[in-house]
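Lettering of chains follows the sequences in order, A, B, ..., and the numbering in each one begins at 1.
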Amino acid sequence: MNSAIVCEHVTKRYSSLTAVNDVSFSVKEGEIFGLVGPNGAGKTTLIEMIEGLRTPDGGSIRALGLDPNKQGGELREKIGVLLQATSIQPDIKVKEALKLFASFYEHTVGDTAELLHTLSLEDKANSRFRKLSGGLKQRTAIALALVNDPVILFLDELTTGLDPQARRNMWDFVDKVRKEGKTVFLTTHYMEEAEKLCDRVAIIDYGKIIALDTPRGLIEQLGAESKVIFKIEDSDMDAAKFESIKSVSRAEKSPDGFTLYTRDENAALQGLVRLADKQGFRLTSIRTESPNLDDVFLTLTGREIRE
Amino acid sequence: MRGLWQFTLAELRLNLRNPTALFWSIAFPTLWMSLFGALFSEPMPGFGYEGLNYANFLLPAGISIVILASAFIGMPIALTTYRETGVLKRLRVTPLKISTLALGFTISQFLFIALVIVVLFVVGKIFFDVQVLGSWLALLGMIIFGMVTFLSLGSAIGSVVGSWRADAVITQIIFIPMMFLSDMFMPISIFPEWLQPICHALPLTPLNVILRDIVYGVPIDNLWQLGILGGWLVAGAVVTIVFFRWE
Ligand SMILES: Nc1ncnc2c1ncn2[C@@H]1O[C@H](COP(=O)(O)OP(=O)(O)O)[C@@H](O)[C@H]1O
Ligand SMILES: [Mg+2]
């Protein structure tokens with residue numbers, strides 16, 4: 001399969017700060033690729049270098065085989081971009097904006113009404129951009145990014161600042177785009193979002209890519225264990241007792257209850273229930289926690305990812 | 001030049017939707033001409049123009065104000081706002097060329113100013129029966145020359161001013177003093193001698209003087225003033241090209 005984007009040793013400095021530090025990776029055609037990291041990690045700098053908005057200080061970038069700085073005109077025909085903070089002329093109406101942006105491209109989707117429909121913007125076609133809510137602005141910005149039927153869609157902070165409902169709408173939308181076979185390059189600082197949407201995820205911290213794999217792969221590679229968390233009614237019990245359960249590697253007691261660490265949630269749960277049965281204690285509020293990308297980030301950096 | 005027409009049209013439409021632009025460009029000069037035209041009947045002494053009524057004397061100044069307001073207030077504010085809010089950045093990731101953007105922006109301002117001048121004329125004609133004694137062709141040519149020069153200066157200001165509070169700075173430091181110093185409200189001869197050369201070098205002075213000469217049918221003997229205007233045109237274009245930033 002061909003690569004839609006190839007970055008080799010890409011570096012960008014702002015005076016003394018190295019915002020992107022010797023980054024290499026490639027994105028396959030048709031892939032949903034996520035760049036994940038905390039604020040200030042260098043996501044926007046990197047994505048905007050690929051879009052040709054910023055010039056790297058070192059390394060090389062190819063998008064669809066083109067150099068974003070030297071062949072920017074040709075590249076821009078084929079990409080759609082959602083900037084981190086998009087703004088268009090505040091008093092322009094949604095349908096006017098679509099028509100305007102469509103006029104910039106050689107090849108367009110043809111039917112902008114269809115685009116309005118895809119993003120559920122039909123009712124807002126005659127609204128001015130500045131009067132729209134955050135979620136509607138974001139949807140309008142995406143409609144504009146899709147107006148040229150792009151080969152690669154860049155989405156910088158797709159859901160930042162959106163309420164949970166609007167965020168879920170965006171996720172559904174990315175699923176639609178995936179089915180159309182477009183390549184998507186997105187950034188986010190929500191691990192959950194990356195895990196849910198992306199085929200592959202690159203974790204970036206202080207300008208360096210510190211891990212890159214499928215979400216599953218990252219979690220497995222980490223070797224993190226699932227947790228089984230529960231309480232018992234007579235909590236006067238020793239945590240060590242649970243370590244006899246098959247597949248449980250470690251047990252901890254805290255004021256909140258007990259936590260068992262395991263690589264096999266199923267076996268641990270069964271063993272726990274059997275033990276409770278045999279010893280005659282009552283289990284309450286049982287839940288399990290699978291390791292997720294947040295744990296991956298925590299393990300790799302020793303910090304929690306925060307907004 | 002793909003997108004030029006749509007971009008020009010969109011910007012023109014947005015101008016007509018913008019209350020600030022509408023006030024300064026249409027309401028202010030029209031009201032000003034009407035108010036003073038109704039209050040006084042004779043031209044201000046000291047300018048040496050005679051014959052036509054006061055509103056007619058104000059008409060060329062009104063045209064200058066329209067051009068000045070659109071080019072120095074409307075356009076730089078639009079440009080700085082577009083830059084600060086990321087509109088220019090968004091346009092930059094489309095295939096729209098910077099030359100197309102600049103041209104479309106200029107043409108839309110041009111059409112907007114032309115429209116406003118027509119309004120000014122119609123109001124003047126209906127209420128004060130204003131006349132043009134000189135050549136209409138010369139008037140048109142001068143208006144176009146003035147528009148191009150001031151749009152060039154306006155885009156230079158928009159390029160340099162960057163992130164300051166552009167509107168306040170431009171109005172207070174450039175716009176208002178220039179209106180007083182450029183032979184518009186009071187003749188330059190009332191100012192101290194050291195100030196007079198500066199007055200003559202301002203871009204607005206030649207525009208005022210020549211427009212008025214044409215309206216009064218005075219033979220134009222001040223061609224050197226066209227040179228001053230031309231100099232400002234070139235200077236504005238150079239500054240725009242050197243300092244223009246997308247972000
Ligand atoms: N234009 C700029 N000039 C100077 N520093 C910048 C500029 N853009 C970003 N930075 C700095 O570079 C780092 C990375 O920023 P950015 O790429 O925006 O990160 P992210 O998108 O991951 O939040 C930050 O420390 C930021 O302050
Ligand atoms: Mg960012």
Checklist entry - Which atom pair, heavy atoms only, marks the closest approach of A/G52 to B/R92? => result O-NH2, 3.8 Å
Checklist entry - For the side chain of A/R76 and the backbone of B/L96, is there at least one donor-acceptor N/O pair under 3.5 Å apart? => result no
Checklist entry - Looking at side-chain heavy atoms only, is the closest gap between A/Q89 and B/R17 below 4.5 Å? => result no
Item to check | Portion of B/F7 that has a non-hydrogen atom of chain A nearer than 4.5 angstrom | outcome: both
Next on the checklist: Within the structure provided, determine whether A/Y105 and B/P95 are in side-chain contact (heavy-atom separation under 4.5 Å).
Outcome noted: yes
Next on the checklist: Please classify the contact between B/K89 and chain A as side chain, backbone, both or neither, with a heavy-atom cut-off of under 4.5 Å.
Outcome noted: both
Next on the checklist: Quick check on A/K78 against chain B: is it the side chain, the backbone, both or neither that has a heavy atom closer than 4.5 Å?
Outcome noted: neither
Item to check | Within 6.0 angstrom of B/F145 CZ, more than 12 heavy atoms from elsewhere | outcome: yes
Next on the checklist: Please report the interatomic distance CH2(B/W5) to CG(A/L100), rounded to the nearest 0.5 Å.
Outcome noted: 12.5 Å
Item to check | Contacting region of A/E77 [heavy-atom separation from chain B under 4.5 Å] | outcome: both
Next on the checklist: Are A/L144 and B/R90 packed together at the side-chain level, in the sense that at least one heavy-atom pair is separated by less than 4.5 angstrom?
Outcome noted: yes
Item to check | Over 12 foreign heavy atoms within 6.0 Å of OH, A/Y14 | outcome: yes
Next on the checklist: Minimum heavy-atom separation for B/R2 and A/S103, please, with both atom names.
Outcome noted: CG-O, 3.3 Å
Item to check | Interface moiety of A/F154 toward chain B, non-hydrogen atoms closer than 4.5 Å | outcome: neither
Checklist entry - Given a strict heavy-atom distance threshold of 4.5 Å, which part of A/E106 is in contact with chain B: side chain, backbone, both, or neither? => result both
Checklist entry - Is the shortest heavy-atom distance from the side chain of B/V93 to the side chain of A/E51 under 4.5 Å? => result yes
Checklist entry - With a 4.5 angstrom heavy-atom cut-off, which part of A/L83 approaches chain B: side chain, backbone, both or neither? => result side chain
Checklist entry - Should we say atom CG of B/L137 is surrounded by more than 12 heavy atoms from elsewhere, each under 6.0 Å from it? => result no
Next on the checklist: More than 12 heavy atoms of other residues, nucleotides or ligands under 6.0 Å from OH of A/Y206: yes or no?
Outcome noted: no
Next on the checklist: Less than 4.5 Å to any heavy atom of chain A: does that hold for the side chain of B/L91, its backbone, both, or neither?
Outcome noted: side chain
